[in-house]
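Everything on this sheet refers to the single structure shown next.
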Amino acid sequence: MTKDFLSEAKIYSFWEKENFFSASPHSGKKSFSLLIPPPNLTGELHLGHAMQHSILDAIARFKRLQGFDVLLLPGVDHAGIQFEATLEKKLQKENLSKEKLGREKWLAKAWEFKEEIYKSVSSTWRFMGLSADWSREVFTLDPGGQKAVYQQFKTYYDAGLIYKGPYIVQWCPKDQTAIEDVEVEYEERIDKLYFIKYSVGQHPASGKSGKEFIKVATTRPETIFADVAVAVHPDDDRYKNLWGLHATLDRPGFLEPSRSPVSSGLPLIRDERVDPKFGSGALKITPGHDFLDYEVGRDHKLPIINVVNKQGRLTEVAGKYAGMKVSEARTAIVKELKEKGYLLDEVEYIHNVAVCERCKSVVEPIISEEWFVKVGSMAKDAIKVIKAGKIKFLPSNYSRILVDWLSNIHDWCISRSLWWGHRIPVWYPSTSLRTSGPSTSSGSNDRVVSLESPGKGWIQDEQVLDTWFSSGLWPLSTLGWPEEWRMENGHRPGASGPQGKWKIDENTFSKYFPWDFEISAPEIKYLWIARMIMISQFLVRQIPFKTMFFHGMLRDLQGRKFSKSLGNGIEPTYLIEKWGVDATRMTLYTYSIPGRDGRVSREILDERGKNFRNFATKIRNIARYVIELKVENGKLKVNRNEHKDDKWIKDELQITIERVTTHLNDIELHLAVDEIYDFIWHKFADVYVERSKERRSDAQPVLEYVLRKSLILLHPFMPFVTEEIYQKFEERERSIMVEKWPSFGKVKVKKPV
RNA sequence: GGGUUCAUAGCUCAGUUGGUAGAGCGUUCGCAUCACACGCGAAAGGCCCCGGGUUCGAAUCCUGGUGAACCCACCA
């Protein structure tokens with residue numbers, strides 16, 4: 001760490017001590033609220049976070065200087081799946097596991113681990129100069145958050161929007177949980193496409209089975225035990241002769257007797273969703289393990305058979321293959337098919353395989369009992385407010401992108417088989433089945449929705465809620481909803497009001513909600529942004545935020561996302577340690593163009609970092625020059641006849657103030673940075689300061705004036721250098737943070753004191 | 001398959017209502033000038049992807065190509 005670091009830390013603690021970051025709900029000032037997207041508790045903050053936080057902080061500081069009562073609210077997200085995966089790795093090293101510890105002990109470990117990670121996140125925030133109101137800092141699993149999430153669940157439940165039911169879900173055998181479509185990635189892989197002989201069984205016309213057979217193409221021969229039909233396209237002439245005969249089909253004979261309930265006599269069905277051009281045009285229908293098949297099966301009222309369990313192993317349905325892993329079973333079954341002559345053909349086949357976004361293991365479509373929210377009507381309301389232009393999106397085309405997605409929305413699967421999260425607030429009498437799972441179909445009449453146990457003999461649902469269920473509530477829960485909200489609607493909170501860090505203040509909710517500004521990476525526009533809009537609209541009939549800013553993604557030079565597995569990540573601390581916080585922030589602003597991705601490498605970032613580090617030095621030197629004479633001349637004469645240079649620099653300053661202000665209002669920070677940089681270096685320093693040397697004392701008042709305004713203009717972007725210089729330069733003010741943002745009307749040179 | 005975005009100096013990119021191109025880094029030349037060598041002064045470098053259209057005039061608007069990237073859906 002360099003010297004600069006220490007002084008930055010000193011400045012930061014000075015600001016904190018002076019309470020400059022706190023919002024003041026009771027002040028008469030107009031409010032401006034910014035909500036920090038809660039980072040996932042999985043480790044260090046990355047470059048994208050650093051950019052997000054720098055943008056938020058610049059706007060917060062700008063608004064504060066403009067005289068607003070600014071609320072910049074920090075918090076972190078528990079990030080269920082990701083957190084558990086990170087913790088699991090850590091526990092493995094200690095030779096521990098979820099199974100060994102059990103739920104209670106594991107949760108204690110988890111909270112310890114949370115604190116550990118949190119410390120690093122929190123220190124990075126302070127390090128970057130984030131002027132957040134730490135007194136209001138929140139965590140999704142805090143008591144207040146629990147209460148808010150419960151209220152959300154209860155509201156949906158009472159409105160009849162929540163149901164539990166069997167559903168085909170993407171199941172991650174490694175993370176042992178259902179994951180959402182949006183959490184699934186597709187990897188291109190080369191696999192084999194197998195053509196298997198299904199013989200025509202009972203031939204109703206002749207009464208006996210003939211030698212006829214049809215070829216069925218599949219990439220997953222191991223699910224053959226869960227077949228319940230074979231489907232062809234209705235117009236496919238190749239199979240016309242079989243329809244009229246009500247033929248049934250048998251799978252390869254050696255597979256019997258398996259314990260499959262449907263072991264032979266598969267019906268031949270016709271369905272338009274079958275692509276006659278693919279493979280042989282005949283598709284085996286396996287509703288338990290394929291999304292398309294699930295739908296086809298449902299529409300044809302076919303049974304569902306599970307042949308793959310949640311551990312990714314075959315069930316007893318598979319007879320002698322039971323217990324084998326999917327991949328092992330596939331090899332073994334193909335071998336036997338080949339030996340017995342049922343494998344008609346196999347070809348290499350490139351296709352997309354669904355993998356878990358986080359752990360990259362192949363996900364299994366599986367039937368599971370899960371909780372859902374019917375979001376259809378909520379989505380419609382969200383579409384309405386978006387279409388009405390109530391929310392300003394940057395870039396603007398995101399409003400249509402979100403509307404498109406909301407228009408085709410499916411019910412939201414909100415249950416996850418994890419421990420880290422908000423446990424589903426549903427209780428069952430201990431006599432009934434309590435776990436969610438494939439075989440469970442507990443009666444719905446005897447369950448109770450409650451945050452606390454309804455009493456002895458009740459057992460809580462084992463699952464937790466999807467992380468996004470609480471993240472989607474973030475704009476509300478951070479401001480004390482539902483207690484605060486009810487208060488303002490005439491209800492006093494009961495004795496069981498929120499505790500912990502959550503502040504309840506009667507003015508908070510109405511003053512800061514809806515949020516003035518929210519920022520996000522585009523990749524979570526559906527997971528998070530769309531849901532916040534739906535949820536706010538449903539629960540409080542208001543939009544969650546007025547301006548929604550989507551920054552671009554920082555990528556590597558090949559355009560790839562930064563990821564741990566690729567090892568192409570660049571930590572913000574790399575830049576900070578090399579060039580300082582202010583320069584790092586400036587570098588990041590040059591990439592903060594709405595919706596536009598940036599390609600970076602260490603070398604490229606270093607170029608800019610170095611440049612802005614030099615810029616910081618430049619300003620220090622300008623200040624040194626200006627201050628030199630200031631000390632000598634306590635009093636300065638105002639020159640009556642304005643020199644042409646003075647007039648020029650003041651005009652240039654006016655233009656710069658106007659442009660920087662406009663660009664900040666439009667959230668075009670890269671342009672604002674450009675303007676201020678160009679003005680300070682190439683106009684003020686290169687021209688005015690140079691020329692002032694010939695008329696030094698005459699120019700002094702203007703030098704001081706321009707420097708003072710420049711520092712204020714630059715402060716939102718480079719908070720530390722500007723404060724450092726300001727402290728040396730001004731004696732009467734406490735901090736640059738309590739200065740006034742310059743206006744760009746007609747400004748006269750202030751009479752120097 | 002559906003959608004979005006991008007194509008500007010050697011590199012990474014700006015360019016806000018259409019009016020003969022800008023930054024940073026790099027390159028070349030000169031300078032230890034008393035705020036600053038993390039600097040100062042100067043210079044080279046671009047049919048603004050290609051074709052067509054609108055216009056007095058287009059990097060900027062429309063259309064068609066070509067190339068690149070991303071998002072969504074997903075084929076057994």
Side-chain angles (χ1 to χ4, degrees), chain A residues 181-182 184-186 188 191 193-196 216-221 223 227 230-232 273-286 289-293 296 349-354 395 397-398 400-401 404-405 408 410 522-526 550 552-553 555-561 579-580 583 586-587 590-591 593-601 603-629 659 662-663 665-666 668 670-671 673-675 677-678 681-682 684-686 689-690 692-693 696 703 707:
Chain A
D181 293 352
V182 276
V184 172
E185 281 177 1
Y186 291 87
E188 199 167 81
D191 276 323
L193 180 63
Y194 302 98
F195 290 83
I196 299 168
V216 172
T218 182
T219 52
R220 304 203 56 190
T223 65
D227 289 356
V230 171
V232 296
R273 283 165 285 196
V274 179
D275 178 4
K277 291 193 290 288
F278 188 92
S280 61
L283 168 66
K284 72 188 195 68
I285 299 297
T286 320
H289 302 286
D290 183 275
F291 285 88
L292 176 66
D293 294 9
V296 171
Y349 176 61
I350 301 165
H351 66 149
N352 291 325
V353 175
N397 62 333
Y398 274 78
R400 200 175 54 71
I401 294 171
D404 285 351
W405 185 77
N408 300 305
H410 299 294
E523 61 179 351
I524 51 173
K525 55 185 178 287
Y526 305 135
F550 288 102
M553 299 279 288
R555 302 174 180 283
D556 71 6
L557 290 180
Q558 281 108 63
R560 297 176 306 181
K561 273 205 287 201
W579 310 113
M586 289 293 266
T587 300
T590 65
Y591 288 101
I593 304 159
R596 197 121 5 134
D597 293 353
R599 296 188 176 198
V600 296
S601 62
E603 290 72 28
I604 286 165
L605 289 168
D606 276 340
E607 266 177 23
R608 298 197 187 193
K610 184 173 142 197
N611 180 235
F612 287 117
R613 190 273 320 259
N614 294 353
F615 181 54
T617 310
K618 188 78 188 173
I619 305 162
R620 284 198 184 92
N621 282 311
I622 296 170
R624 197 157 74 185
Y625 173 81
V626 176
I627 292 167
E628 228 170 49
L629 212 69
R659 287 183 182 162
T662 307
H663 290 143
N665 280 327
D666 296 345
E668 301 208 280
H670 63 298
L671 296 178
V673 160
D674 236 40
E675 284 300 333
Y677 176 94
D678 182 63
W681 199 319
H682 299 306
F684 188 38
D686 286 353
V689 171
E690 267 326 300
S692 76
K693 289 173 182 171
R696 191 55 215 272
L703 284 169
L707 176 62

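For the numbers below, each heavy atom of this structure counts, side chains included, while hydrogens, waters and symmetry mates do not. Quick note on labels: first sequence line is chain A, next is B, and so on, each numbered from 1.
- Although no hydrogens or angles enter the test, the distance criterion places a donor-acceptor pair under 3.5 Å between the side chain of A:Ser601 and the main chain of A:Ile604.
- The distance from atom CD1 of A:Ile619 to atom C1' of B:A35 is 13 Å, rounded to the nearest whole Å.
- Residues satisfying the ring pair (Phe, Tyr, Trp, His ring centres under 6.0 Å) test with A:Phe195, not counting sequence neighbours, are none.
- For B:G41, the OP1/OP2 oxygens have no side-chain nitrogen or oxygen of A:His682 closer than 4.0 Å.
- In this structure, A:Phe684 has no ring pair (Phe, Tyr, Trp, His ring centres under 6.0 Å) partners at least two apart in sequence or on a different chain.
- Without hydrogens or angle criteria, A:His682 side chain to A:Asp678 main chain gives no donor-acceptor distance under 3.5 Å.
- Nucleotides B:C40 and B:A35 have their P atoms positioned 13 Å apart, rounded to a whole Å.
- The closest donor-acceptor contact from the side chain of A:Asn621 to the backbone of A:Thr617 lies under 3.5 Å.
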Enumerate the protein-to-nucleotides 37-39 of chain B contacts in which both atoms are nitrogen or oxygen and the separation is below 3.5 Å.
from	atom 1	to	atom 2	distance (Å)
B:C38	O4'	A:Arg613	NH2	3.4
B:C38	O4'	A:Asn614	OD1	2.9
B:C38	O2	A:Arg613	NE	2.8
B:C38	O2	A:Asn614	OD1	3.2
B:C38	O2	A:Thr617	OG1	2.5
B:G39	OP1	A:Asn614	ND2	2.9
B:G39	O3'	A:Lys618	NZ	3.1

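- When the P atom is compared between B:C48 and B:A59, the two are found 7 Å apart, to the nearest whole Å.
- No side-chain donor-acceptor contact under 3.5 Å links A:Asp227 to the backbone of A:Thr286.
- Checked for salt-bridge contact, A:Lys610 and A:Glu607 miss the test: no charged N lies under 4.0 Å from a carboxylate O.
- Comparing B:G30 with B:G52, their P atoms sit 46 Å apart, to the nearest whole Å.
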Once base and sugar-phosphate atoms are separated, protein heavy atoms under 4.0 Å mark nucleotides 3-12 of chain B, 5' to 3', with B, S and - as -SSS-----B
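- Per the geometry, OH belonging to A:Tyr625 stands 11 Å off P belonging to B:C36, to the nearest Å.
- At least one side-chain heavy atom of A:Thr587 sits less than 4.5 Å from a side-chain heavy atom of A:Leu605.
- For B:A35, one of the phosphate oxygens OP1 or OP2 lies less than 4.0 angstrom from a side-chain nitrogen or oxygen of A:Lys693.
- With hydrogens and angles disregarded, no donor-acceptor distance shorter than 3.5 Å links the side chain of A:Asp666 to the backbone of A:Glu668.
- Listed by chain and number, the residues in a side chain to side chain donor-acceptor pair (under 3.5 Å) with A:Arg400 are A:Asp404 (sequence neighbours excluded).
- For the C1' atoms, the distance linking B:C56 with B:C11 amounts to 38 Å, nearest Å.
- Straight-line distance between the P atoms of B:C13 and B:U17: roughly 23 Å, to the nearest whole Å.
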Let me check I have this right: for RNA chain B, each base becomes ., (, ), [, ] or |, based on Watson-Crick or G-U pairs with both distances under 3.5 Å. What is the full string?
(((((((..((((.....[..)))).(((((.......))))).....(((((..]....))))))))))))....
